[in-house]
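Step one of this worksheet: look at the structure below.
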Number of protein chains: 2
Amino acid sequence: MRILLAEDDPDLSRQLKASLQDAGYVVDHAPDGEEAHFLGDTEPYDCVILDLGLPKIDGVSVLERWRRDGKTTPVLILTARGAWSDKVSGFDAGADDYLTKPFHTEELLARLRALVRRAAGHAQPLLVCGGVRLDPRAARASVNGEPLRLTSLEYRLLHYMMLHQNRVISRTELVEHLYDQDFDRDSNTIEVFMGRLRKKIGTERIETVRGLGYRLKPLHNEVSEI
Amino acid sequence: MRILLAEDDPDLSRQLKASLQDAGYVVDHAPDGEEAHFLGDTEPYDCVILDLGLPKIDGVSVLERWRRDGKTTPVLILTARGAWSDKVSGFDAGADDYLTKPFHTEELLARLRALVRRAAGHAQPLLVCGGVRLDPRAARASVNGEPLRLTSLEYRLLHYMMLHQNRVISRTELVEHLYDQDFDRDSNTIEVFMGRLRKKIGTERIETVRGLGYRLKPLHNEVSEI
DNA sequence: CAGAGCCCTAAGGAAAACTTAAAATAGCAT
DNA sequence: ATGCTATTTTAAGTTTTCCTTAGGGCTCTG
């Protein structure tokens with residue numbers, strides 16, 4: 001876990017750096033806004049602790065530049081007591097958290113934990129099967145990067161099969177998961193939809209296992225992927 | 001944007017609720033921990049403002065229960081001046097931000113903006129989706145630099161969709177976040193407003209996903225994803 | 001090679017979404 | 001307060017989408 005500490009007060013800097021290192025972080029120190037901006041731009045930090053009253057370039061400006069450049073690293077801002085209007089502008093510039101000096105080191109550490117935890121919790125479950133990708137959060141799928149245009153049932157079918165890829169899935173199982181209880185057992189909808197799906201993602205990708213069901217799998221030449 | 005305000009002081013509650021509503025939020029109020037826990041459990045809020053000194057069940061306990069149940073709604077905690085050890089335990093219980101009483105309403109609003117924005121995964125204070133821009137601070141939006149003239153509901157609709165762009169958002173989700181508890185479920189307001197928004201920002205930008213909802217996305221030539 | 005299992009196509013029909021206009025409500029200034 | 005305007009909601013009519021059905025042809029297997 002690597003942290004950028006942008007703070008000009010030498011005493012506070014030394015003390016904070018020590019505490020952070022004790023807590024297991026790797027710490028780089030920037031004594032002014034110019035250095036802070038440069039480091040934040042070039043190095044991949046997990047979090048930045050940014051004092052607003054920095055020499056050369058002030059903290060809010062540094063932050064604004066980063067955000068304008070698309071940096072999303074979490075930033076915790078330090079500010080002097082009572083300068084609450086700084087806070088407002090800092091937040092609106094894209095800060096993720098604030099701390100007023102003087103503060104207890106323990107509180108800073110707690111806030112850091114919260115920030116990093118939050119930033120890391122951004123992993124989204126993306127289903128992949130060869131060149132086929134499905135993002136359940138976005139309700140969207142693609143083949144070889146090309147977005148797929150799927151109807152509701154087609155999507156649900158693909159979703160279920162991606163969740164259970166490489167396994168043979170019976171027609172009954174599919175029906176049970178795609179429809180509610182009462183559904184005409186001897187209907188051929190599943191077959192029809194298999195046909196449509198195949199047409200959209202490539203026939204080869206869904207194998208028919210006669211008498212048992214269907215299996216979704218990557219193409220032969222794709223198997224090595226992920 | 002729908003918010004739960006859990007605060008027992010009647011004066012402060014009234015004043016805060018008014019300020020929040022002025023700022024365009026839909027606000028539900030819980031005067032004690034029991035009510036707060038119940039509402040937070042049943043309604044989908046975009047953010048919770050939680051006083052630690054609540055009657056019946058105290059704030060930290062309420063928060064702990066939510067987190068144990070897997071709730072990830074951002075929570076901003078209000079606490080009395082000087083009780084900083086509360087903060088630490090509150091953070092570790094899963095709070096996302098802290099504010100010490102007394103505070104400036106403007107600061108609370110700034111922190112709320114930051115929280116909501118962060119929860120949606122945006123570091124930038126300015127929401128961008130292709131040629132559409134929305135500045136939550138100024139409550140302004142534009143298309144290709146051209147300022148948009150939006151009514152209150154149109155704006156809130158666009159705001160919510162920009163926070164969750166590229167994701168399919170159901171009619172239900174929209175209704176739940178744009179209105180408070182009692183709203184007629186089978187009404188077609190959302191459809192009507194989608195029509196109006198589309199007329200203003202361009203039909204292509206809002207894709208309807210039949211049976212699921214709507215998705216706001218950049219135009220084809222503006223960006224490609226997945 | 002016969003029969004079961006599967007695939008394909010096209011069209012009917014129903015649900016979902018869109019459009020429009022008018023009624024209801026809220027907001028604002030007089 | 002009162003009326004005027006802007007906004008929101010309701011409601012009805014229209015269009016679009018796509019789920020389902022059914023029938024003929026194909027393929028695999030015993």
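Reckoned from all heavy atoms, side chains included, excluding hydrogens, waters and symmetry mates. Chain letters run A, B, ... following the sequence lines, proteins first, then strands; residues in each count from 1. Small disclaimer: the values here were computed from a predicted structure and weren't measured.
Nucleic acid contact class of B:Y214 (heavy atoms, under 4.0 Å, all strands): sugar-phosphate only.
Using a 30° and 60° split on the angle between ring planes, A:H37 and A:W66 fall in the parallel class, below 30°.
Residue B:L212 contributes atom CG, which lies 11 Å from atom P of D:dC19 at whole-angstrom precision. Atom C1' of nucleotide C:dG5 and atom CD of A:E207 are separated by 16 Å, given to the nearest angstrom. Across the protein-nucleic acid pair, B:L158 atom CG and D:dT7 atom C1' stand 17 Å apart, rounded to whole Å. Straight-line distance from the CG atom of B:N188 to the C1' atom of C:dA16: 12 Å, rounded to whole Å. Per the geometry, CD belonging to B:E154 stands 14 Å off P belonging to D:dA6, to the nearest Å.
Side-chain N/O atoms of A:T151 include none lying less than 4.0 angstrom from OP1 or OP2 on D:dT17. Not one side-chain nitrogen or oxygen of A:T208 sits closer than 4.0 Å to the OP1 or OP2 atom of C:dC6.
Of the N and O atoms on the side chains of B:Y25 and B:D46, not one donor lies less than 3.5 Å from an acceptor on the other residue. Side-chain polar atoms of A:R198 and A:T208 form a donor-acceptor pair below 3.5 angstrom. Side-chain polar atoms of B:R171 and B:Y214 form a donor-acceptor pair below 3.5 angstrom.
Distances were taken from every side-chain heavy atom of B:L153 (C-beta onward) to each of D:dC19, C:dA16, D:dT9; the shortest belongs to D:dT9.
Heavy-atom nearest nucleotides on DNA chain C were determined for A:R171 and for B:R171, and the one closer to the 5' end corresponds to A:R171. Heavy-atom distances to DNA chain D give each of A:S152 and B:R149 a nearest nucleotide, and the one nearer the 5′ end belongs to B:R149.
Within 6.0 Å of atom CZ in A:R167, more than 12 heavy atoms from other residues, nucleotides or ligands are found, so the atom counts as buried in its surroundings.
Note on B:E207 versus B:K217: salt bridge recorded, some NZ/NE/NH1/NH2 to OD/OE distance being below 4.0 Å. Using a cut-off of 4.0 Å between Lys/Arg side-chain N and Asp/Glu carboxylate O, B:R67 and B:D96 are scored as salt-bridged.
Residues from residues 189-204 of chain B that place a heavy atom under 4.0 Å from any atom of DNA chain D, listed by number: B:T189, B:V192, B:F193, B:R196.
Side-chain atoms of A:R210 come within donor-acceptor range of the base of D:dT27, with a qualifying N/O pair under 3.5 Å.
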